[in-house]
Amino acid sequence: MPIIYTPSGAAREYSPHAANLYLGCSHRCQYCYAPHALQRTPSAYFGTPAPRRNVLNLLDQDLKKQPYTKQILLSFIGDVYGDTTDNNATTRAALQLLDYYKAPVAILSKGGERILRDLDVFREFGQRMMVGSTLTFLDEAKSREWEPGAAPPEERLAVLKALRQAGIRTFASFEPTIEPTESLALIERTLQDDSVVTYKIGKLNNYKGLDKQHDWADFLQQCLALLRGTGKQIYIKSALRKAAPDITLHDDEQDAERWNVSA
């Protein structure tokens, strides 16, 4: 069973390759698609996951078969820095393997300070590493309501700042955008901190009709007004582009691979 795979559909926007080290998650996000994708009940999916069986040996086999020069994302299923039975030891070991084979890696996590345990490993990757966080709410109460097991927003922001100060390339994923005003406030905050290099911005998709309540063109215009001219790297997700078709974007703002890391 291969561990590294090529995502399909909307997931392909995130990365040309991906690897899932755990098949569960401790964050319990209301909007999570993974239980449905894995055909599990929320109670069976959310908890404290163990590493996938034999995952490190299988990952090693994948990396021996071919060189990976395009980005591998950790991960679509679960969070490699969530609350796990092995205290994220598999994450560290997997990163060391990926670095040994000179693979480029992006990590997307809501795990907060756990991420910083592996700062020394991130540094070994050099320009082949990018670490990011999903940013949804600046308001901690709202964050707890929607993502009760994830790190609070101030912790995620502090980690991004610490990574940036340590010379690690950082990114922020603004998807889902549940309340546009919260996402805009987070963009402003990260600009003040200079904690994010790459901004990936999307919308809320098909969740209880909430996405129909927002003016996505206005949201996108405000995002661009904040970010253009700052020197930041910007990618606008396909769903948001489709929801705001009259907004003119630069080519690099709609190129899914433009800001990925590579070997």
For this session: Please answer: with hydrophobic residues joined when any side-chain heavy atoms are less than 4.5 Å apart, are Val131 and Leu74 in the same cluster?
Result: yes
For this session: Flag the pair Asp194 and Arg164 as a salt bridge only when some basic side-chain nitrogen lies within less than 4.0 angstrom of an acidic carboxylate oxygen.
Result: yes
Problem set entry | Backbone of Val197 reached by a side-chain donor or acceptor of Arg169 within 3.5 Å | no
For this session: Please examine the side chains of Leu184 and Cys223, heavy atoms only from C-beta on, and report whether any two atoms are closer than 4.5 Å.
Result: yes
Exercise. Can you list the steps and then say if Leu138 with Leu157 is a side-chain contact (heavy atoms from CB on, under 4.5 Å)?
Worked result: CA-CA 9 Å; Leu138 189 55; Leu157 292 165; 3.8 Å; yes
Problem set entry | Partner set under side-chain hydrogen bond (donor to acceptor under 3.5 Å, both in side chains) for Glu140, not counting sequence neighbours | Arg144
For this session: Please list all pairs passing the ring-ring contact (aromatic ring centres under 6.0 Å, His included) test where one or both residues lie in residues 209-233, with sequence neighbours left out.
Result: His214-Trp216, Trp216-Phe219
Exercise. Roughly how far apart are Thr90 OG1 and Leu95 CG, rounded to 0.5 Å?
Worked result: 11.0 Å
For this session: Could you tell me whether a side-chain N or O of Ser15 sits under 3.5 Å from a main-chain N or O of Gln71, the two making a donor and an acceptor?
Result: yes
Exercise. Donor-acceptor pair, Thr177 side chain versus Gly202 backbone, under 3.5 Å?
Worked result: yes
Exercise. Looking at CG of Leu135 and NZ of Lys110, how far apart are the two atoms once the value is rounded to the nearest 0.5 Å?
Worked result: 10.5 Å
Problem set entry | Sub-4.5 Å side-chain heavy-atom contact between Ile77 and Cys25 | no
For this session: State, yes or no, whether a side-chain contact exists between Phe171 and Gln233 at a heavy-atom distance under 4.5 Å.
Result: no
Exercise. Does a side-chain heavy-atom distance below 4.5 Å link Leu224 with Leu249?
Worked result: yes
For this session: Apply side chain to side chain donor-acceptor pair (under 3.5 Å) to Asn57 and Gln61, showing your working.
Result: CA-CA 6 Å; Asn57 287 333; Gln61 290 175 26; over 6 Å; no
Exercise. Quick check: are there more than 12 heavy atoms from other residues, nucleotides or ligands sitting under 6.0 Å from NZ of Lys208?
Worked result: no
Exercise. Going from CD1 on Ile4 to CG on Leu73, what distance comes out if it is rounded to the nearest 0.5 angstrom?
Worked result: 12.0 Å
For this session: Would you please name every residue forming a side-chain hydrogen bond (donor to acceptor under 3.5 Å, both in side chains) with Glu188, sequence neighbours left out?
Result: none
Exercise. Any donor-acceptor pair under 3.5 Å linking the side chain of Ser133 with the backbone of Ser109?
Worked result: yes
Problem set entry | Those residues that, when tested against Glu253, pass salt bridge (Lys or Arg N to Asp or Glu O under 4.0 Å) (two or more places apart) | Arg228
Exercise. What's the spacing between Leu98 CG and Met129 CE if we round to 0.5 Å?
Worked result: 8.0 Å
For this session: Determine whether more than 12 heavy atoms belonging to other residues, nucleotides or ligands lie under 6.0 Å from atom NZ of Lys142.
Result: yes
Exercise. With a 4.5 Å heavy-atom cut-off, do Ser238 and Glu13 have their side chains touching?
Worked result: yes
Problem set entry | Partners passing side chain to side chain contact (heavy atoms under 4.5 Å, CB included) against Asn205 (at least two apart in sequence or in another chain) | Glu175, Lys203, Ala239
For this session: Would you mind listing the cluster partners of Trp259? Hydrophobic ones only (ILVMFWY), side-chain contacts under 4.5 Å, chaining allowed.
Result: Tyr235
Problem set entry | ring-ring contact (aromatic ring centres under 6.0 Å, His included): pairs with one or both residues in residues 29-79, sequence neighbours excluded | Tyr14-Phe76, His17-Tyr68
For this session: Taking salt bridge (Lys or Arg N to Asp or Glu O under 4.0 Å) as the test, write out the residues that go with Asp83, two or more places apart.
Result: none
Exercise. Does Leu160 belong to the same Ile/Leu/Val/Met/Phe/Trp/Tyr cluster as Phe125, with side-chain heavy atoms less than 4.5 Å apart forming each link?
Worked result: no
Exercise. Are the side chain of Thr91 and the backbone N or O of Val80 linked by a donor-acceptor pair below 3.5 Å?
Worked result: yes
For this session: Measure the shortest side-chain to side-chain distance between Ile178 and Tyr207 over non-hydrogen atoms and say whether it is less than 4.5 angstrom.
Result: no
For this session: Look only at the side chain of Glu257 and the backbone of Pro16, and say whether a donor-acceptor pair between them is shorter than 3.5 Å.
Result: no
Exercise. Could you give the distance from NZ (Lys237) to NZ (Lys242), rounded to the nearest 0.5 Å?
Worked result: 11.5 Å
Exercise. What pairs meet the salt bridge (Lys or Arg N to Asp or Glu O under 4.0 Å) rule with one or both residues in residues 31-57, with sequence neighbours excluded?
Worked result: none
Validation: residues 116-123 side-chain donor-acceptor distances under 3.5 Å, sequence neighbours left out:
| residue | atom | partner | partner atom | Å |
| --- | --- | --- | --- | --- |
| Arg117 | NH1 | Asn87 | O | 3.3 |
| Arg117 | NH1 | Asn87 | OD1 | 3.2 |
| Arg117 | NH1 | Asn88 | OD1 | 2.9 |
| Arg117 | NH2 | Asn87 | OD1 | 3.4 |
| Asp118 | OD1 | Arg92 | NH1 | 2.8 |
| Asp118 | OD2 | Tyr81 | OH | 2.6 |
| Asp120 | OD1 | Arg92 | NH1 | 3.1 |
| Asp120 | OD1 | Arg92 | NH2 | 3.4 |
| Asp120 | OD2 | Arg92 | NH2 | 2.7 |

Seminar exercise, completed: For residues 145-154, the salt bridge (Lys or Arg N to Asp or Glu O under 4.0 Å) pairs (sequence neighbours left out) are Glu147-Arg156, Glu154-Arg189
For this session: Check whether any side-chain heavy atom of Asp251 lies under 4.5 Å from a side-chain heavy atom of Asp255, and answer yes or no.
Result: no
Exercise. Do Ser262 and Thr69 have side-chain heavy atoms sitting under 4.5 Å apart?
Worked result: no
Problem set entry | Euclidean distance, Ile72 CD1 relative to Ile3 CD1, rounded to 0.5 Å | 11.5 Å
Problem set entry | More than 12 heavy atoms of other groups within 6.0 Å of Gln66 CD | yes
Show the atom names and distances, to 0.1 Å, of all donor-acceptor pairs under 3.5 Å that link a side chain in residues 99-108 to residues at least two apart or in another chain.
| residue | atom | partner | partner atom | Å |
| --- | --- | --- | --- | --- |
| Asp99 | OD1 | Arg128 | NH2 | 2.6 |
| Tyr101 | OH | Asp60 | OD1 | 2.7 |

